[in-house]
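As the structure is a prediction and not an experimental result, all values here were calculated from the model.
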Amino acid sequence: MVKVLIHHGVTSTRICYLLQRSPYSWDTKTACYLIKKTTLILHKTMNPALNDAQKRAVETLSGPMLVLAGAGSGKTRVVTFRIANLIRQGIQPSRILAVTFTKKAAQEMQYRVSELIPMDPEDRPEISTFHSLCVRILRRQIEGLGYSPRFTIMDTSDQASTCRKVLREIRVADSTLRPRDLQHLISHWKNRGVRPAQAATVAATDKEHIGAIAYRRYQEELIRCGAVDFDDLLLLVDDLFVKCPEIKQQEASRFDHLLIDEYQDTNAIQYSIVRALAEQHRNICVVGDDDQSIYGFRGSEVQHILNFPKDWPGASEIRLEANYRSVATILELANTLIAFNKSRYDKILKPARTGGKRPRIEQFKDEDQEAEEVVKSLAIQISRGEWNPRDIAILFRTNEQPRVFEQELRKHDIPYVILGSKSFFDRKEVKDILSYLRIVQNPHDEPSMRRIINSPPRGISNATVGKLIDAATDRGVAMWEVMQSPEILSEFSVPVRNAIRNFIALVATGKQLFADMIGRQELQKFLQVCRYDKEVERTSNDQEEQQLRWSSVEEVVNTVASFNDKQKNPTLEKFLDEIALAASDIDEDKDKQLDQDAVALLTLHASKGLEYPVVYMVGLEEGILPHKRSLQFEGEAVDEERRLAYVGVTRAQDELILSMALTRRKWGRVYEQIPSRFLFEMIGQSDNPNSYKKKSAVETR
DNA sequence: CAAAGCCGTTTTTTT
DNA sequence: AACGGCTTTG
C-alpha cells in the first residue's frame, strides 16, 4: 500500500509523479484509476480553504442573510461551517435550528457538523426537515386544534381512497371529477395555504367548485379518522400559530438562529412558518439556487428567494459562483442551457476545475437500444478500471424509464441500486403490516382498518364493513366506535358479532404488546396473533410466491429491529412517523448496497444535492424532458423543466453522456420521438432570446 | 361470506 | 400490461 500524504497544494501532476516513482509497477489502467480517484478526493475534501464569499457567508453571524449559491459551489459546506462557527462563537448548540429538504441531507449535515466541532450529545443543534419539525410540534400541541395527539399520517393511497369515498358520498360521478383529480386539487390548495373554508372563493371552474365542497368533506373525514395528510403537517402548524399565539411564541423562542437549505423550494406555508419562527430574533440565513427550483408542482415558489431582501430589510446578500464540482466542459453546457430562462438572478458558474472530456450526445433507435448501449458503455468503463460502479449514475425523468436499464444491468451482472423509490412500501404485505400497526396506534384510522379488518379472512365481509362505515359516517364518529356499540352490533348475526369482538380483542392485544416499545420479538408475536401467515398463504398461488411474500414480511421485521437498535426510546408512534416521513431508516439497505459499490439509478428530482463522477442522462426527448404535461402550458412550466435538465447536467463531475431514443413504446404502441429542445440549447444550436440584451438581476417585485 | 373474473384506468416529478 | 375496485358466482 502506497501512502500519499495529501495536503494543500498537491496537484494531480505531483501524484502522477509519485506513482511513477513508487516501487510498485503500476500498469497504466491502475495508475489512471488511482490518479482519478485521488484527484476527486482532493477536490472533495482538500478544499478546506474557504474562498472570500464563502468566508463571509460563514462569518457574518447575526441578522438576515441570503446566500445565492450555484450548483457545486459548496453550499452544504457553507451551512455546516456556519453552524460550527456559531457554536464556536459561544451560541448554545440546541438554540440553533437548521432545516434541510430531505431527511438524508439532515443526517448528513448532523454528521458533518459533529465532525467539525465536538459536542455534548444532549446539547446539539436541531437539524431536521420541515415535516419532522412540524410533526414534533403537532404531537405536543395539536389538541389545541381539536385533533387527537395520536393522529396517524396518511399516505397517498389512503388519501386517494378517502377522496373516492367523499366523492361517492356527495354523488359526484367519475366523469365530473375523478378521485385522483380531487386529490391533486386538494394538495394544490393546501400547498398554497387555501383552507377548506376559502376554497369556494378561489375556485374558478365548475370542477373546482365541486372540488371545494369535496375538500370540506375530505377534511371532516380526516378528523373523523384521527388522521392528517402530508400537507396538513405544515398547514396545521401554521393554523396552530395563528390560533394560539402563545404556542407560536413558545416554539419560536426555542431557537436563536435559523438556517434553511434549498430555500428556493419553500412553499407558501413553509414561508409563513419560517416568518413566525424568525421574526423575533431575525437571525435567519437562507441558502438556495433559483436555478434549481424544481418543485413548483408542490407549491414551491422561486419568488420567495427572489423577495428575500425585501422581506427582511437589511439582509446581507452573498453569491457563491465558483463551481468546484464539474470540469469546465460540463459547466459550459450548463451555463448555456440555463441562460434560456427568463426569470432568474443572473449568475454564471465559474469553473474551479479546468479542461475535461467533452460531454457526448448519443442517439438510439429505441429505448431498448438506448439501455443496451448505455449499459455496454458503462460496463466498459468499469471493466477497464476507469471507474467503479459507485462512480456512475443514470438519471431519468419518469419512474417508468429505469425498467429497461435494470434488465440490462442484470444481464451484465453489474450491481445497481434504485434510489428514492418507495417500491418496498408498495408491496401488499408491507402495507398490510403497517396498517395493523397503525390501527394499534390509532384505531380510528379508517383506511387502514378497511385494509386489514378481514385479511386474513376472519368472517367480516365487505358487506359488514360497508354497514359499519355507513353507520359511523352517519353519526360522524369513527368506525372503531360503532364496532363497540351494542346497539349497532345487535343488527348483525351472531357469528359476525363474534368476529367483530374477536377483532377488537386482537387490537387490544396489540396495544398491550407495543405499550412500551416495538422490537423484533413484539412484532413477531403480534403477527402470530394476527395469523398473518394465513393471509400470505391464501394470496399466494404457489410455494415460490409464498416464500417471496413472506420474505417481505421478514424485511419489515428487520426494519423494526434496526429501528429498535438505533432509537433510545423505540415507540410504535415514532416508528410510524419515521416511516411516513422518509424511509431513511429503512433505506439503510440501500446505503449498504451503495457502499458495496453499485451503479445508481435515480430521477432528476431525486438527484438534487448529489454528485457523481460519471452521469448518464437518458431519454432527452420532447415529451419526456420537457415532459408533455408541461408543454401544454409553455412558459414557466417549460422553464422548470429546463431547470430540471440543469440540475441533471450539474450533477456530473467528470463525464457526462446525454442520450435519446428516436422511438419509444408506451402502452404497447410505438411513438416517434424528437430530440429535446434542451439538447439544441446546450450546444448553442438554438437562438437564445435572452443572450442579446445585457441582463441584470431580476426585478425583485 | 369468500373466491373468481371482469372492467377500466393508469404515468411527471415527492416530503 | 398490470393493478385495484366492483360484480357475480359458488
Side-chain angles (χ1 to χ4, degrees), chain A residues 99-106 128-135 153-157 159-161 164-165 168 174-175 178-181 184 187 190-191 228-235 262 265-267 269-270 293-300 395-403 419-422 425-428 431 450-451 454-466 492-493 495-496 499 538-539 541 577-584 602-608 619 623-632 637 640-641 643-645 647-648 664-669:
Chain A
V99 181
T100 58
F101 190 68
T102 63
K103 219 160 177 183
K104 210 170 171 184
S128 65
T129 62
F130 269 112
H131 286 84
S132 331
L133 180 72
C134 289
V135 168
I153 304 167
M154 272 203 183
D155 65 21
T156 43
S157 67
Q159 247 175 301
S161 71
R164 190 171 302 116
K165 182 183 170 186
R168 210 167 19 207
D174 258 21
S175 54
R178 288 175 311 179
R180 203 178 195 84
D181 297 335
H184 288 323
S187 172
K190 285 189 174 178
N191 276 315
V228 305
D229 62 26
F230 268 131
D231 308 320
D232 280 343
L233 291 176
L234 305 175
L235 206 59
E262 309 283 14
D265 288 319
T266 314
N267 70 21
I269 308 300
Q270 289 163 333
S293 169
I294 54 175
Y295 283 95
F297 66 94
R298 240 174 38 190
S300 307
L395 307 186
F396 38 83
R397 174 70 231 267
T398 68
N399 276 316
E400 67 176 336
Q401 284 172 275
R403 294 195 158 213
L419 292 174
S421 104
K422 334 174 274 296
F425 297 95
D426 287 339
R427 290 186 222 167
K428 182 181 177 298
K431 278 189 170 174
R450 284 166 60 160
R451 173 172 278 282
N454 205 36
S455 36
R458 45 171 76 86
I460 306 174
S461 73
N462 276 334
T464 310
V465 175
F492 294 104
S493 67
V496 173
R538 190 180 67 94
T539 47
N541 292 317
D577 282 353
E578 283 274 315
I579 298 232
L581 292 184
S584 68
L602 62 169
T603 63
L604 289 164
H605 283 91
S607 76
K608 195 170 70 170
I624 294 192
L625 186 68
H627 194 271
K628 64 170 182 298
R629 278 281 218 285
S630 61
L631 290 175
Q632 294 165 358
E640 180 157 321
E641 296 285 305
R643 292 193 286 264
L644 200 49
V647 166
R664 196 169 279 272
R665 228 205 303 281
K666 200 172 189 187
W667 299 329
R669 276 187 56 191

Polar-atom pairs under 3.5 Å, protein N or O versus N or O of nucleotides 4-10 of chain C: list them with distances, or write none.
residue : atom : partner : partner atom : Å
C:dC6   : OP1  : A:R168  : NH1          : 2.6

Close N/O contacts between protein and nucleotides 3-8 of chain B (under 3.5 Å):
residue : atom : partner : partner atom : Å
B:dA3   : OP2  : A:R538  : NH1          : 2.8

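The line from CG of A:N399 to OG1 of A:T603 is 6.0 Å long, rounded to the nearest 0.5 Å. Interatomic distance, CZ of A:R629 versus NE2 of A:H627, reported as 7.0 Å (0.5 Å rounding). Atoms NZ and CG, on A:K431 and A:D155 in that order, are 6.5 Å from each other to the nearest 0.5 Å. Considering CG of A:L581 and CD1 of A:I153, their distance stands at 4.5 Å, rounded to 0.5 Å. Atom NE2 of A:H605 sits about 8.5 Å away from atom CZ of A:R298, to the nearest 0.5 Å. Between atom CG of residue A:L395 and atom CG of residue A:L604 there is a gap of 5.5 Å, rounded to the nearest 0.5 Å.
At a threshold of 4.0 Å, the pair A:K190-A:D229 counts as salt-bridged, since one of the basic side-chain nitrogens sits closer than that to a carboxylate oxygen.
Side-chain contact between A:E578 and A:K103 is present, with at least one heavy-atom pair separated by less than 4.5 Å.
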Protein-to-nucleotide contact annotation, 5' to 3' order, nucleotides 10-15 of chain B [B base; S sugar-phosphate only; - none; under 4.0 Å, heavy atom]: SBBBBB
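A tilted orientation is assigned to the rings of A:Y295 and A:F101, their planes being inclined by 30° to 60°.
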Side chain to side chain contact (heavy atoms under 4.5 Å, CB included) between A:S300 and A:T266: does it pass, once the steps are laid out? CA-CA 5 Å; A:S300 307; A:T266 314; over 6 Å; no
